[in-house]
Amino acid sequence: MYAKVIIDIKHEDVNRFFDYIIPQKYEDFLERGMRVLVPFGKQTRMGYVTEIITESLDATKEILEVLDVIPSINEELFSLMNYIKNHVPALYSSIFSTVIPSELAVNYTKVVEMVKPELVPDDLKPYFNKKGIWRLKRKDQVYYPRLKKLRDSKDQEIIKIKTVIKEKGTTKTDKTYTYNQNHHYKRIYHYEIVIDLFNMKKEYTRKELTDQGLTASNINTLVKNQVLFEQEKDVFREIEHQFDLSDKKVVLTDEQQNVVNQIVNSLDKQETFLLKGITGSGKTEVYLEVISKVIEQNKQVLVLVPEITLVAQMAKRLKSRFDDVAIYHSALSSGERFDQYKKIQSGKASIVLGTRSAVFLPMEDLGLVIIDEEHDDSYIQKEQVIYDAVEIALERAKHHQIPVLLGSATPSITSMYEAMNNRFTLLELTKRPLNLEIPTIQYVDMRLELEKNNTSIFSKTLLDAMKKRIEMKEQTILLFNRKGYAPFVLCRACGDVPQCPHCDISLTYYKEKKSLKCHYCGYEKPFDNTCSVCNASKVKEVGTGIEYVEQVLKKQMPKARVLRMDKNATRIKGSHEIIWNNFLNEEADILLGTQMIAKGLDFPKVTLVGVLMADLLLKVPSYKSTENAYMLLAQVTGRSGRFYPGEAIIQGYDIGHFAIKSVNQTYETFYQEALYNRKLMNYPPFKNTSQILISGESYLKTYQRAFMLKKALSSLSCDVLGPSQALITKIKDYYRFTITLKYETIEKQELFDLLEAHEFDDIKIRYFPYLDIV
DNA sequence: CTCTGAAGGTAA
DNA sequence: TACCTTCAGAGT
């Protein structure tokens, strides 16, 4: 028997199947989908078995080791991988690492050993430890060519180089102790506490014993004299959450109950439900009720939320009502993630909650997929192997013949269109259970403020409203979205803005580091207020980064306690939970943040939401920017007055745009207008769109190649637009052009072949299945 | 990706 | 002739 194997190297040259002989001992054991170690050239590499075959003309070497007991890739996952393969051009190995947890990959570490230390050059010696061993780190790779030369130096072996393969995912073990009733240790009277302890409980961990005052040497003595038996036990790394939220089992409103009934009636068939419920209408209660019905049928539920910040609160509510909830997202520690994965793989989780990447988790008895905030852009993976988790979820539903529940207050245009055409089943929640009014929304035109000589970023209206909240001991949420906008510096004398020498983009100003940095290539130089063009010492920062907003806020409202929540403030694991907890406990009056504050915990005391520079959202160059802007505004204003009547104030320079105006009206108003625009421009849902990026070092050659590609593409049944300069015309010294495709259906494989045929040494071509990623 | 061996260069 | 760098090709 033979196995077809994909090697875990992400490179065009090895992007194909390799056949290996299955050794006798693995014949009955090895299955498709298992990870194996195989000899590959001079190396040993990890690979994935994709097929077991009876004949092979190529196989010459044997599989060395099998790393799995249950296949890491099950049949369903194979079909999802196939789906991805048909939608984006990607290397096999990349697709594998996209759909499985990184803990299933292996580490290759090069270990160098001195054989003749006296011949090792002095400058390399400090890297070796006492035993003459050096484990090469990433940064040590530069020495590798020299080391290879030392190894190969003729007649004498100066050093040895080995590659050590280690599995990334590891099980955590703890030493536990039990008491031996039949020991013969005479000095046991020194350890009365031990006898007492083991009278209460049979087994203790090492930590529990030391907490009781026993020292490490105490324990070792007792083990040596066979009073205690020591054993290794696996520990499960439990995930803890900062705040406390329990699910009070509420009585569903008629409206909610209706929706639940409809879904429950279709649990045994494939159907996509779009649950459209205004903010505060209790979508989560519906989810919980439906989940309980699925679990009654002994099936599993997959729940997806768009952002890590939303996992904790959903987890709390799920855990307070159900057992066996597993959690999976990229911010877990590697160990936690591995344990959660193992729990899910072994079928011990009845509910799996996670972000985008959780859509690939193995669940044999899947009965329902819930996607909360389905309109959210974060469900689309925009790097490496690009995919849309919502699409993947729909594929899984097809595989299991089960329903998918998409929930949102503001469904994406495409989902709503599907619902309107009866491909999705539309369910609606139109009332807030507590019968609370939707917050009143007020618009402030900042141009008028300017005329009144108010040059601050806060209008008088907003300032007054915030002051009032502080007096009333109520809270405010302030949204300032930095997207599409970063602080930069400008010479007030000649107007020069320092650019990156390798990319076509202005350098971003970092106040704390007093430096200018390029977002794309990492180029960095110290900030200097002397202009490099006109030599005047007039270079100053422009702008309104969120830190700047915070400063102004503190200056204008010295009494206000302000919490800031942005990427920077939430870098450390668990910090966003702490911020939310603090705000919930009313340790601050104002929560200032980027779009990550738009969703999340309900804060009862929030009665005011302020949006700064709302029109900034529309400046993002994307056909979806109006949709995204409207949804963010609707989302964040809905956070006001969840328990008491609330209001929202939207500030901007260009607030007349329909995406901003519609926030004050119904979703339908917005949907109609947006849909009309999409129709006009041939954008989704009317036509599918994708984008091709052509990049190269020579401006002219790249443009020529792009043009040739355009000509070739016209043979396909689609509209070809461009080539035009990409939004960022140069990155890392490579010029960039884009071609946009609009089509109803397209033969993807044919397209990919065409693209591949147009790749040249100096021209790179990348394909993006969704628009606006480039 | 990592290794190898051939080709073509340089120094003695 | 010995030794180097560079580059294409192979890996089952």
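Here is the naming used below: chain letters follow the sequence lines, and residue numbers restart at 1 for every chain. Quantities reported herein were computed from a predicted structural model and do not represent experimental measurements.
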Show which side-chain atoms of residues 80-93 of chain A pair as donor or acceptor with protein atoms under 3.5 Å away, not counting sequence neighbours.
from    : atom 1 : to       : atom 2 : distance (Å)
A:Tyr83 : OH     : A:Glu391 : OE1    : 2.8
A:Lys85 : NZ     : A:Ala90  : O      : 3.3
A:Asn86 : ND2    : A:Asn82  : O      : 3.3

Under 3.5 Å, which donor-acceptor pairs link side chains of residues 17-29 of chain A to any protein atom two or more places apart or in another chain?
from    : atom 1 : to      : atom 2 : distance (Å)
A:Asp19 : OD1    : A:Lys4  : NZ     : 3.2
A:Asp19 : OD2    : A:Ser56 : OG     : 2.7
A:Tyr20 : OH     : A:Pro39 : O      : 2.7
A:Glu27 : OE2    : A:Met1  : N      : 3.3

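Counting to the nearest Å, the C1' atom of B:dC1 and the CZ atom of A:Phe18 are 11 Å from each other. A:His11 has its NE2 atom 14 Å from the P atom of B:dC3, to the nearest Å. A:Asn15 places its CG atom 15 Å from the C1' atom of C:dA10, with the value rounded to the nearest Å. Atom CZ of A:Phe40 is separated from atom P of C:dT12 by 7 Å (rounded to the nearest Å). Between A:Leu64 atom CG and C:dT12 atom P the separation is 11 Å, expressed in whole Å. The interatomic distance linking A:Ile165 (CD1) with B:dC1 (C1') rounds to 13 Å, in whole Å. Note: CD1 (A:Ile6) to C1' (C:dT12) measures 12 Å, nearest angstrom. At whole-Å resolution of the value, CD1 in A:Ile7 and C1' in C:dA10 are 13 Å apart.
Among the heavy atoms of the strands, none lies under 4.0 Å from A:Tyr108. Within the nucleic acid shown, A:Tyr20 comes within 4.0 Å of sugar-phosphate atoms alone, with no base atom in reach, counting heavy atoms only.
Minimum atom distance to the side chain of A:Lys148 is reached by B:dC3, of the listed C:dT12, B:dC3, B:dC1. Checked against B:dC1, B:dT2, C:dG11, the side chain of A:Arg16 finds its nearest nucleotide in C:dG11. In the set B:dT2, B:dC3, C:dT12, the nucleotide with an atom closest to the side chain of A:Lys42 is B:dC3. Which of B:dC1, C:dT12, B:dT2 sits closest to the side chain of A:Thr60 comes down to C:dT12. The side chain of A:Asp58 lies closest to C:dT12 when the candidates are B:dC3, B:dC1, C:dT12. Of the candidate nucleotides B:dC3, C:dT12, B:dC1, C:dT12 has the atom nearest to the side chain of A:Asp19.
Listed pair A:Tyr144 / B:dC3 meets the phosphate criterion, a side-chain N or O lying under 4.0 Å from OP1 or OP2.
Cation-pi check for A:Lys110 over A:Tyr144 is met; the charged atom lies under 6.0 angstrom from the ring centroid and within 45 degrees of its normal.
Using a 4.5 Å cut-off on side-chain heavy atoms (C-beta onward), A:Arg736 and A:Ile731 make contact.
Taking the six-membered ring where tryptophan is involved, the planes of A:Phe96 and A:Tyr48 are essentially parallel, since the angle between them stays under 30° and well short of 60°.
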